[in-house]
Amino acid sequence: MKNRYLTAGPITPLLISELMTLGNDDAGAGAVSVFIGKVRDDETDSGRVKAIEYSAYEEMVSGEAEEIVRIVRAAFSDVRSVIIVHSVGIVRSGEASLFIMITSGHRDHGTRACRHTLEMVKEKLPVWKKEIY
Amino acid sequence: MKNRYLTAGPITPLLISELMTLGNDDAGAGAVSVFIGKVRDDETDSGRVKAIEYSAYEEMVSGEAEEIVRIVRAAFSDVRSVIIVHSVGIVRSGEASLFIMITSGHRDHGTRACRHTLEMVKEKLPVWKKEIY
Amino acid sequence: MGVEVRILYFGAAQEAAGKSEELLTADNTTTLRTAILEKYPALAGIPFRMALNRNLLKGDSLLAENDIIAILPPFQGG
Amino acid sequence: MGVEVRILYFGAAQEAAGKSEELLTADNTTTLRTAILEKYPALAGIPFRMALNRNLLKGDSLLAENDIIAILPPFQGG
């Protein structure tokens with residue numbers, strides 16, 4: 001996928017491990033805050049969720065994600081790096097569909113920036129889902 | 001180390017990967033919130049920090065950590081699991097010394113519980129550090 | 001009158017329109033919105049926003065040849 | 001008078017006492033604290049708390065044979 005903010009299919013444990021090595025060479029980063037969103041096997045009126053198929057307006061995702069990163073960096077000056085990856089395509093229940101990682105000098109800005117990034121991803125990223133039962 | 005809340009030396013990327021697979025089989029967990037504390041190479045009056053040597057009152061750590069887990073679970077009912085691991089011994093700058101992971105049904109309790117656990121770890125765990133320059 | 005623009009349908013709007021894209025003619029985004037709602041009544045149930053050339057629309061905008069309009073149901077990422 | 005208890009020194013208190021543990025005799029935690037401060041003047045600069053048998057002390061407590069008292073400088077984990 002040509003878009004650094006999107007990945008085809010689930011965000012696998014292997015991909016998570018790889019993403020988490022980013023910034024490992026920054027010895028000024030004392031705090032790493034990570035949020036991973038996963039597909040739940042919710043029981044609904046239509047049955048138990050087996051998977052979610054995500055779609056995105058890929059050409060718009062980059063601009064919006066870059067705007068989120070800009071806002072986070074401006075609001076939390078101690079932040080050193082921001083990683084956002086969202087799945088497109090089918091992600092089964094139990095698998096991850098969203099990865100956010102913030103590295104920061106100290107914990108305060110990092111944990112707050114992580115939560116803020118998460119809220120903005122939900123609000124700003126042009127992504128849609130369709131449950132598969 | 002006989003204490004599940006402590007590990008000898010740094011919390012390596014491999015250990016982090018292993019810890020993060022815990023709870024992977026819980027398809028009801030829609031949110032995974034992780035905080036990793038790392039040793040910074042701070043420049044101080046005594047020179048640049050090369051490493052930190054952590055010591056702990058190991059026999060007391062278990063009881064305090066279990067108390068933290070109890071408090072977090074009571075305060076955030078949506079939390080499904082709480083993992084806390086702290087280093088003892090030498091951790092070099094750039095390496096991790098603290099790992100916290102919360103799995104929860106949804107993001108709200110998870111991200112708040114992660115931050116709350118972090119604050120309680122700092123307040124309650126009998127751990128001390130000594131900078132090495 | 002009006003210019004030909006490309007319309008992209010996403011998420012539930014894609015299902016309501018029965019297609020992912022098409023070409024339509026309009027002179028501004030307000031008349032375009034009305035035309036789309038008339039063409040696809042099922043879209044009335046979706047509180048969609050529109051993007052013009054990848055930027056979320058705020059208010060009305062005139063259209064130019066080759067503009068790309070996206071029909072965006074509420075986002076559901078995360 | 002008093003009973004023999006085991007004292008554990010941690011962090012900066014270990015450096016101030018020059019040892020990690022020892023046996024001392026006292027009848028309650030308040031007199032023990034005073035005795036320790038008299039024995040190791042360097043401890044006066046450390047706002048230490050005490051744990052009795054792995055539980056943080058709140059207030060004073062009588063001591064029993066084989067009790068374990070830990071001298072705890074401010075925690076620095078994380």
Report task. Could you look at A:Lys38 and say if it's the side chain, the backbone, both or neither that has a heavy atom under 4.5 Å from chain C? Result -> neither

Query raised in the report: With a cut-off of 6.0 Å (strictly less than), are more than 12 heavy atoms of other residues, nucleotides or ligands near NZ of C:Lys19?
Result: yes

Query raised in the report: Does atom CZ of A:Arg73 have more than 12 heavy-atom neighbours, drawn from other residues, nucleotides or ligands, at distances under 6.0 Å?
Result: yes

Report task. Tell me, for C:Leu56 versus chain A, whether the close heavy atoms (under 4.5 Å) come from the side chain, the backbone, both or neither. Result -> both

**Report entry** Over all atoms of both residues, closest heavy-atom pair of C:Gly78 and A:Ser97
**Finding:** O-OG, 3.6 Å

Requested in this report: For each of A:Glu64, A:His86, A:Glu123, A:Lys130, tally heavy-atom pairs with chain C at distances under 4.5 Å, and name the one with the top tally.
Outcome: A:His86

Report task. Check whether C:Gln14 gets within reach of chain A through its side chain, its backbone, both or neither, counting any heavy atom under 4.5 Å. Result -> neither

Report task. Anything under 30° is parallel, anything over 60° is perpendicular, the rest tilted; go ahead and classify C:Phe10 against A:Trp128. Result -> parallel

Query raised in the report: Checking A:Tyr57 against chain C: side chain, backbone, both or neither under 4.5 Å from a heavy atom?
Result: both

**Report entry** Test side-chain contact (heavy atoms from CB on, under 4.5 Å) applied to C:Ile68 and A:Glu59, step by step
**Finding:** CA-CA 11 Å; C:Ile68 299 174; A:Glu59 294 79 3; over 6 Å; no

Query raised in the report: Which answer fits A:Lys129, side chain, backbone, both or neither, if we ask what part of it has an atom under 4.5 Å from a heavy atom of chain C?
Result: both

Query raised in the report: What do you reckon, is CZ of C:Arg54 surrounded by more than 12 foreign heavy atoms closer than 6.0 Å?
Result: no

